[in-house]
Amino acid sequence: MPPASTPPPGAPAEIAPLRAEVLTWFAANARDLPWRAPDRTAWGVLVSEVMLQQTPVVRVLPVWTAWMARWPAPSDLAAASTADVLRAWDRLGYPRRALRLQECARAVVDRHGGAVPRAESALLELPGVGAYTAAAVVAFAHGGRSVVLDTNVRRVLARALGGVALPAPSQTAAEVRRAAAAVPAGEREAAAWAAASMELGALVCTARSPRCDACPIAARCAWRAAGYPPDAHAARRRTQAWTGTDRQARGRIMALLRDAARPVPPTGIDAVWPERDQLRRSLAGLVADGLVEELRGAAGPSGYRLPVSPAR
DNA sequence: AAATCGGGGCG
DNA sequence: CGCCCAGATTT
C-alpha cells in the first residue's frame, strides 16, 4: 500500500497539463457558494452535499442558508423535531434525505463527539452518505485527497478523456479507475482538482449545450477532437415517469402535511389524489419510511402528521 | 444490475 | 414535453 503522496499508477502523461488548465480556470471562475466560504464548517459542507444529491445548486442555496442558521451544528439538528426538519427541507425533493441527514447528525454526535469525521471509511458509515458524498466531504470539508466522481466530473472525464458525449447511464468500475488516476498526488492539489473539475462540468462542460468556446481544455478534449460524436446510450436512456406515479402522490401528501398546522384526517388526505388505492399505498409507504406519523383512533386511523419527535 | 425515491426549470 | 440536476439505498 503506497503512501497517499505517491502518484496513482497508470496516470496518463497528458493529465497533468489538463489539470493545470482546469485549476487555473477555476481560480478565476469559481462560484461564490456559501458552503465554500472561508467561515464554512465541515458540518455545513456535509449538509450541502446531502441537499445537493440530485437537487440543483440554485434550489439548495436558500434552504441551506436558513437550515444552517437554525441548526448550525450536528447536535442542533439531532435535537430538532423531525416535523420541523421536514418542513425546513421544504420542496428539495427526496425527503428521506432529510430523515437521513438528521440520523447522520445523531451519528456524528454519538460516534464522533459532534465532529464530522475525516476518514472516508467513517464517513461512509454515516446515514445518507455514499461514495460520492464521503469523497466530497474529505475534499471540501477537510482538504483531503479523495476520488470525487459526481455527475459533473463523470461528464468532464467522459468527454475530455473518453471522447464520448456522455458517460454510461450508471457508473462503471473503469470510470472510477480513470477518475482515480486523474487525481493529483498531493492532498491540497487533489481537493482543488475535485472542486475545479466539478465546477467545469457545472458551468462549462454542461450536459445540454456545452460552452466549448469558454472551455480551458477544449484543445485537449478527446470528444471535441473526435468531432463531437453523439451519445451512444441515447436510445437506452429513459426519463423517469412522474405524472400519475406514486412519487407524485407521495409528494402531494408531504406538501399537504408540511402546510398543515394540525393532524389531517383521512378525508383530508383523500382530497389530494383521485385514485384511492394508489393514495393508500403511497401513504402507507410514507408511514413505513418514517416520513408520516399515523394517529390511531378507536375505529382506525384518525389523522396523519409529520413525525413530531425524532424517530430514534 | 435494476428499481425506488421529488420537484422544478429550461430548451 | 423531454431532459437533467454535487446520489443513496434497497431489492
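Throughout, protein chains are lettered first and strands after them, A, B, ... in sequence-line order, and every chain is numbered starting at 1.
At the phosphate of B/dT4, neither OP1 nor OP2 sits under 4.0 Å from any side-chain N or O atom of A/Arg247.
Atom CZ of A/Arg276 sits in a sparse spot, with 12 or fewer heavy atoms from other residues, nucleotides or ligands closer than 6.0 Å. Atom CZ of A/Arg31 is surrounded by more than 12 heavy atoms from other residues, nucleotides or ligands within 6.0 Å.
Here the rule is side chain to side chain contact (heavy atoms under 4.5 Å, CB included) with A/Val60, and of A/Leu52, A/Val50, A/Thr65 only A/Leu52 fits it.
As judged by a 4.0 angstrom heavy-atom cut-off over every strand, A/Gly130 is placed among residues touching the sugar-phosphate backbone only. Residue contacts shown for A/Ala207 are limited to sugar-phosphate atoms, with no base heavy atom under 4.0 Å away. Using a 4.0 Å heavy-atom distance criterion, A/Trp89 is classed as making no nucleic acid contact. Within the nucleic acid shown, A/Arg154 has no heavy atom closer than 4.0 Å to any nucleic acid atom. In this structure, A/Leu33 reaches the bases: a heavy-atom distance under 4.0 Å links it to at least one base atom across the strands shown. Residue A/Ala131 is in sugar-phosphate contact alone, with no base atom involved, counting any heavy-atom pair closer than 4.0 Å across all strands shown. Heavy atoms of A/Thr133 sit under 4.0 angstrom from primed sugar atoms or phosphate atoms, though from no base atom.
A/Arg96 has its CZ atom 6 Å from the C1' atom of B/dT4, to the nearest Å. Going from atom CD1 of A/Ile253 over to atom C1' of B/dG6 covers 13 Å, rounded to whole Å. At whole-Å resolution of the value, CZ in A/Arg100 and P in B/dC5 are 12 Å apart. Between A/Tyr94 atom OH and B/dG8 atom P there is a gap of 13 Å when expressed in whole angstrom units.
Only A/Gln54, A/Thr55, A/Pro56, listed by number, bring a heavy atom of residues 42-57 of chain A to less than 4.0 angstrom from any atom of DNA chain B.
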Check: residues 200-208 of chain A side-chain donor-acceptor pairs under 3.5 Å, at least two apart:
from     : atom 1 : to       : atom 2 : distance (Å)
A/Thr206 : OG1    : A/Ser209 : O      : 3.2

Mind listing the side-chain donor-acceptor pairs of residues 241-256 of chain A below 3.5 Å, one per line with the distance, residues two or more places apart or on another chain?
from     : atom 1 : to       : atom 2 : distance (Å)
A/Thr245 : OG1    : A/Trp242 : O      : 2.6
A/Thr245 : OG1    : A/Arg247 : N      : 3.4
A/Thr245 : OG1    : A/Gln248 : N      : 3.3
A/Asp246 : OD1    : A/Gln278 : NE2    : 2.8
A/Asp246 : OD1    : A/Arg281 : NH2    : 3.0
A/Asp246 : OD2    : A/Arg281 : NE     : 3.0
A/Arg247 : NH2    : A/Tyr94  : OH     : 2.9
A/Gln248 : OE1    : A/Gly244 : N      : 2.7
A/Arg250 : NH1    : A/Asp289 : OD2    : 3.0
A/Arg250 : NH2    : A/Asp289 : OD2    : 2.8
A/Arg252 : NH1    : A/Val272 : O      : 2.8

Could you go through residues 118-134 of chain A and list every donor-acceptor pair under 3.5 Å that involves a side-chain atom there, pairing it with any protein atom two or more places apart or in another chain?
from     : atom 1 : to      : atom 2 : distance (Å)
A/Tyr132 : OH     : A/Glu49 : OE1    : 2.7
A/Thr133 : OG1    : A/Gln53 : NE2    : 2.9

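Atom name C1', nucleotides B/dG6 and C/dC3: the rounded distance is 15 Å, in whole Å. The P atoms of C/dA6 and B/dC10 are separated by 14 Å, rounded to the nearest whole Å.
Between A/Arg220 and A/Glu14 no salt bridge is recorded (no basic side-chain N to carboxylate O distance below 4.0 Å). For A/Glu293 and A/Arg305, the salt-bridge test passes: some basic side-chain N is under 4.0 Å from an acidic carboxylate O.
Nearer to the 5' terminus of DNA chain B, by closest-nucleotide assignment, is the contact made by A/Ser170 (compared with the other of A/Arg252 and A/Ser170). Across the interface with DNA chain C, nearest-nucleotide mapping of A/Ala134 and A/Arg155 shows A/Arg155 to be the residue nearer the 5′ end.
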N/O to N/O distances under 3.5 Å, protein versus nucleotides 9-11 of chain B:
from  : atom 1 : to       : atom 2 : distance (Å)
B/dG9 : N2     : A/Arg208 : NH2    : 3.2

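Taking OG1 of A/Thr24 as the reference point, atom CD1 of A/Ile217 lies at 12.0 Å (rounded to 0.5 Å).
Closest heavy-atom contact between A/Val85 and A/Ala98: CG1-O, 3.9 Å. Between A/Arg87 and A/Leu257, the closest heavy-atom pair is NH2-O, 3.3 Å.
Nucleotides of DNA chain C lying under 4.0 Å from heavy atoms of chain A occupy a range whose first and last members, 5' to 3', are C/dG2 to C/dT9.
Inspection of the A/Thr55 and A/Arg97 side chains reveals an N or O donor paired with an N or O acceptor under 3.5 Å.
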